[in-house]
Amino acid sequence: MLGWLGFMFISREAISEIQSKCDIVDVISFHIPLKKIGKNFKCLCPFHQEKTPSFVVNPDKQIFHCFGCGVGGNVFSFVMEYEKADFQEAVRILAERTGVSLKEGDAARRQVPSIRDQMFDVNEMAMKYFQKILEHPKHGQSAAAYLKERLITDKSIESFRLGFSPNDWVGLFQAATKKEIPPLVLEKAGLIIKNDTRNSHYDRFRNRLMFPILNVYNKVIGFGARALGDEMPKYVNTPETEVFSKGRHLYGLHLAKKRILEDDFVVIVEGYTDCIRLHQAGVSNCVATLGTALTSEHARLIKRYTTKILIIFDADAAGQTAMLRSLDLFLEEDMTVKIATLPEGYDPDSYVSEFGLNGFEKLHAQSKDFYQYKMDFLKRSAKTLDIHAKVRISDEMFLTIRKINNEIMRQDYLARLADDLELESSVVIAEYNTRQQKRPVKNNFQEKVAHKSKKNVAEEMLLRLMFHYPQMVGYVKEKLSPSQFMDPDLAKIATSLIEDEAIDEHIVSRIINRLQDVHLHQLVARLSEEPFETREPKEAINDCLQRMYENFQKNKKEQLKLMIKKMEDERNYDEMNKYLKEYKILAEMQTKR
């Protein structure tokens with residue numbers, strides 16, 4: 001780290017070295033299961049909900065493209081999209097993975113770091129500050145006693161990097177000031193709060209046990225904090241920031257991900273302590289929510305590692321309600337969900353304390369699938385199973401069953417529903433189908449793709465030809481310059497294509513690196529991946545060039561008309577006559593052609 005004023009310039013050579021050591025299939029399959037289809041790989045897109053895979057990874061070109069939502073690019077683009085990172089951060093993430101050393105550049109070439117980079121650094125600093133306070137024999141005494149009472153071992157304290165924020169209004173703020181960290185960075189990271197009345201700052205976390213929250217790359221993104229006194233609320237989280245969102249992250253995933261992949265299932269609990277205690281008991285594929293309900297983003301995050309889930313929430317009414325809300329999210333992602341019901345009065349922490357790993361395994365063996373759990377809950381809530389209750393229960397179950405993508409499984413659950421409610425199977429299926437027909441069908445992503453502008457079709461076609469027949473780039477370079485493109489984005493891509501010195505299978509990925517703009521990455525991926533073939537590429541290129549020339553002339557005439565009208569309105573007849581003369585020359589040229 002170069003301090004709080006700047007970070008290293010990353011050379012093109014370093015970027016090329018990192019890219020050469022990163023196979024895009026390996027990088028993406030680390031997060032999402034890929035299936036080989038022909039020479040490419042496919043999967044469900046991680047960036048939008050879909051039932052039919054449209055996310056394609058091309059190992060030859062080292063790019064990816066989703067034909068559903070349009071996202072695309074190379075290995076750096078994927079990390080930028082997936083981790084919500086900028087280009088510099090994506091390069092550093094992949095540098096760490098490949099072992100490429102990024103050397104500091106000359107001071108003159110240093111740049112101001114992004115706010116995300118500064119937040120990662122300041123959160124790391126805060127975590128170490130809280131750890132030191134916990135280790136202090138006097139200041140950390142109350143927190144250490146609490147952890148001992150909760151049976152949290154020293155090894156867990158170290159693994160989960162637990163800490164303690166002292167009962168001091170400016171302890172962290174002063175520690176950061178000594179390191180010359182700007183208050184604005186601390187404020188944006190959610191570590192301090194500004195007092196506008198006094199024009200001062202104070203620490204957000206005071207007298208609380210601190211649970212650092214790390215992302216899958218071991219970067220500290222925020223904190224969960226538990227009060228040790230009577231302060232309310234009992235738990236406080238870092239607010240939403242550039243790097244932290246409760247709905248996108250899970251506590252303990254950085255430690256659990258390896259075991260999740262090995263065991264091919266994940267255990268989800270609600271509390272930080274529950275998660276730590278299960279890890280201590282040997283259930284190291286456990287993660288916890290961050291004081292919020294499970295979200296579709298959580299589901300997609302988990303799906304990077306497994307499609308099998310065991311949820312253990314508290315046995316109280318709030319826990320069961322939260323469980324029910326989670327079911328549909330996972331079913332929509334084609335994931336298998338099981339629910340373990342704790343005995344009354346237990347939470348995962350107290351349960352594993354009393355019954356240990358054997359108790360957990362018994363709990364897992366007795367877990368229910370989503371259907372049985374929801375059916376049992378609805379029956380208990382109904383109390384009596386009269387016809388009105390049967391209608392209400394079937395309505396609720398329909399809402400969940402329709403989330404299942406597999407038709408055979410859906411029919412099986414409808415048959416189970418009929419049996420449980422003592423109804424004719426044909427009646428239940430008929431009612432379900434009637435409800436489905438009344439639902440409005442929406443497909444926003446297909447609408448987006450279908451709603452393409454008809455402008456610059458020739459320019460797009462020319463670039464597609466250049467991508468599919470790179471040997472023709474030199475020919476195009478002789479015929480026109482990028483400045484003749486009317487679309488500025490297409491002009492940038494054309495410039496990169498024409499300036500590329502090497503013509504090989506990695507040309508697309510190199511161009512994406514030069515552009516360093518996510519929108520342009522997606523455009524390049526689409527143009528290079530959309531199916532296209534012609535027997536006579538030179539003839540097709542000439543046709544595109546002709547249409548581009550005609551479009552350019554037509555646009556020029558429209559601009560001249562506007563200027564003629566403007567000069568006439570302003571009674572500037574000399575300028576008007578000049579534009580008129582230019583317009584006539586242009587019209588005569590078109591007539592001759």
Side-chain angles (χ1 to χ4, degrees), residues 1 3-4 7 83 89 92-93 96 113 115-136 139-140 142-144 146-147 152-168 170-193 201-228 235-246 248-257 271-273 275-276 279 287-288 290-291:
M1 186 174 70
W4 300 97
F7 62 84
E83 299 299 333
E89 187 182 345
R92 283 197 296 278
I93 287 170
E96 289 177 13
I115 191 63
R116 289 174 58 85
D117 291 302
Q118 294 179 64
M119 283 187 188
F120 287 135
D121 286 342
V122 80
N123 281 331
E124 180 80 18
M125 181 280 300
M127 179 186 70
K128 291 176 179 177
Y129 168 79
F130 295 138
Q131 285 177 309
K132 283 185 179 179
I133 299 297
L134 177 61
E135 292 166 2
H136 194 280
H139 301 309
S142 59
Y146 173 83
L147 290 168
I152 304 296
T153 64
D154 290 342
K155 184 179 179 182
S156 291
I157 291 171
E158 183 181 351
S159 297
F160 285 88
R161 308 185 195 183
L162 304 185
F164 180 60
S165 56
N167 196 10
D168 187 335
V170 290
L172 176 64
F173 178 66
Q174 289 179 344
T177 301
K178 289 178 182 178
K179 294 180 180 292
E180 299 183 352
I181 300 172
L184 182 61
V185 179
L186 293 162
E187 203 177 324
K188 285 186 174 292
L191 292 166
I192 64 172
I193 299 171
H201 296 86
Y202 59 92
D203 292 355
R204 179 181 296 276
F205 305 112
R206 302 179 304 281
N207 194 35
R208 289 178 179 270
L209 182 63
M210 302 301 295
F211 298 88
I213 301 163
L214 285 75
N215 65 14
V216 293
Y217 295 106
N218 292 309
K219 299 283 188 182
V220 186
I221 57 176
F223 296 88
R226 189 195 192 281
L228 292 187
Y235 282 96
V236 174
N237 274 333
T238 295
E240 300 284 309
T241 70
E242 287 283 327
V243 298
F244 178 71
S245 172
K246 290 187 290 185
R248 292 189 63 241
H249 298 281
L250 290 163
Y251 181 71
L253 183 57
H254 66 294
L255 295 175
K257 61 183 181 181
Y272 303 116
T273 308
C275 180
I276 294 171
H279 273 254
V287 299
L290 302 174

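No donor-acceptor distance shorter than 3.5 angstrom exists from the side chain of Thr241 to the backbone of Lys188, with no hydrogens or angles considered. Remark: side-chain polar atoms of Glu124 are not paired, donor with acceptor, to backbone N or O of Lys219 under 3.5 angstrom. Checked by atom type and distance alone, the side chain of Asn237 never pairs as donor or acceptor with a backbone atom of Lys246 at under 3.5 Å.
Phe211 and Tyr272 have parallel rings, their planes meeting at less than 30° on a 0 to 90° scale where 60° marks the start of perpendicular. Below 30°, between 30° and 60°, or above 60°: for Phe244 and His249 the angle between ring planes is below 30°, a parallel geometry.
Residue Ile133 holds its CD1 atom at 8.5 Å from CG of Asp168, rounded to the nearest 0.5 Å. Taking NZ of Lys257 as the start and CG of Leu250 as the end, the distance is 13.0 Å to the nearest 0.5 Å. The distance from atom CZ of Arg204 to atom CD of Glu187, rounded to the nearest 0.5 Å, is 9.5 Å. Taking CG from Leu184 and NE2 from His201, the interatomic distance works out to 8.0 Å, rounded to the nearest 0.5 Å. Put simply, CG on Leu162 and CG on Asp154 are 10.5 Å apart, with the number rounded to the nearest 0.5 Å.
Scanning both residues, Pro212 and Arg161, for their nearest heavy atoms gives CG-O, 2.9 Å. Contact record, Ser165 with Phe130: CB-CE2, 3.6 Å, taken as the closest heavy-atom pair. Residue Leu209 comes nearest to Gly163 through the heavy atom pair CD1-O, 3.3 Å, listed as atom of the first residue, atom of the second, then distance. Taking each heavy atom of Ala288 and Cys275 in turn, the nearest pair found is CB-CB, 3.9 Å. Scanning both residues, Thr273 and Ile152, for their nearest heavy atoms gives CG2-CD1, 4.1 Å. The minimum heavy-atom distance between Arg208 and Ala227, with the atom names listed, is NH1-N, 3.2 Å.
Side-chain contact between Ile181 and Gln118 is absent, with no heavy-atom pair separated by less than 4.5 Å. Looking only at side-chain heavy atoms (C-beta outward), Ile221 and Phe120 come within less than 4.5 Å of each other. Inter-residue side-chain proximity for Tyr251 and Ile276 is flagged as met; some heavy-atom pair is nearer than 4.5 Å. With a 4.5 Å cut-off on side-chain heavy atoms, Ser159 and His279 do not count as touching. Looking at Phe223 and Val236, their side chains never come closer than 4.5 Å, going by heavy atoms from C-beta outward.
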Exercise. Between Phe205 and Leu191, does a side-chain contact (heavy atoms from CB on, under 4.5 Å) hold up when you go through it step by step?
Worked result: CA-CA 7 Å; Phe205 305 112; Leu191 292 166; 4.2 Å; yes
For this session: For side-chain contact (heavy atoms from CB on, under 4.5 Å), just list the numbers for Leu147 and Leu134, CA-CA rounded to whole Å, side-chain angles, deciding distance to a tenth of an Å, and then say yes or no.
Result: CA-CA 10 Å; Leu147 290 168; Leu134 177 61; 4.1 Å; yes
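Tested against Asn123 for a side-chain contact (heavy atoms from CB on, under 4.5 Å), the candidates Val220, Leu214, Thr238, Leu186 yield a single pass: Val220.
For the ring pair (Phe, Tyr, Trp, His ring centres under 6.0 Å) test, no residue two or more places apart in sequence or in another chain qualifies with His254.
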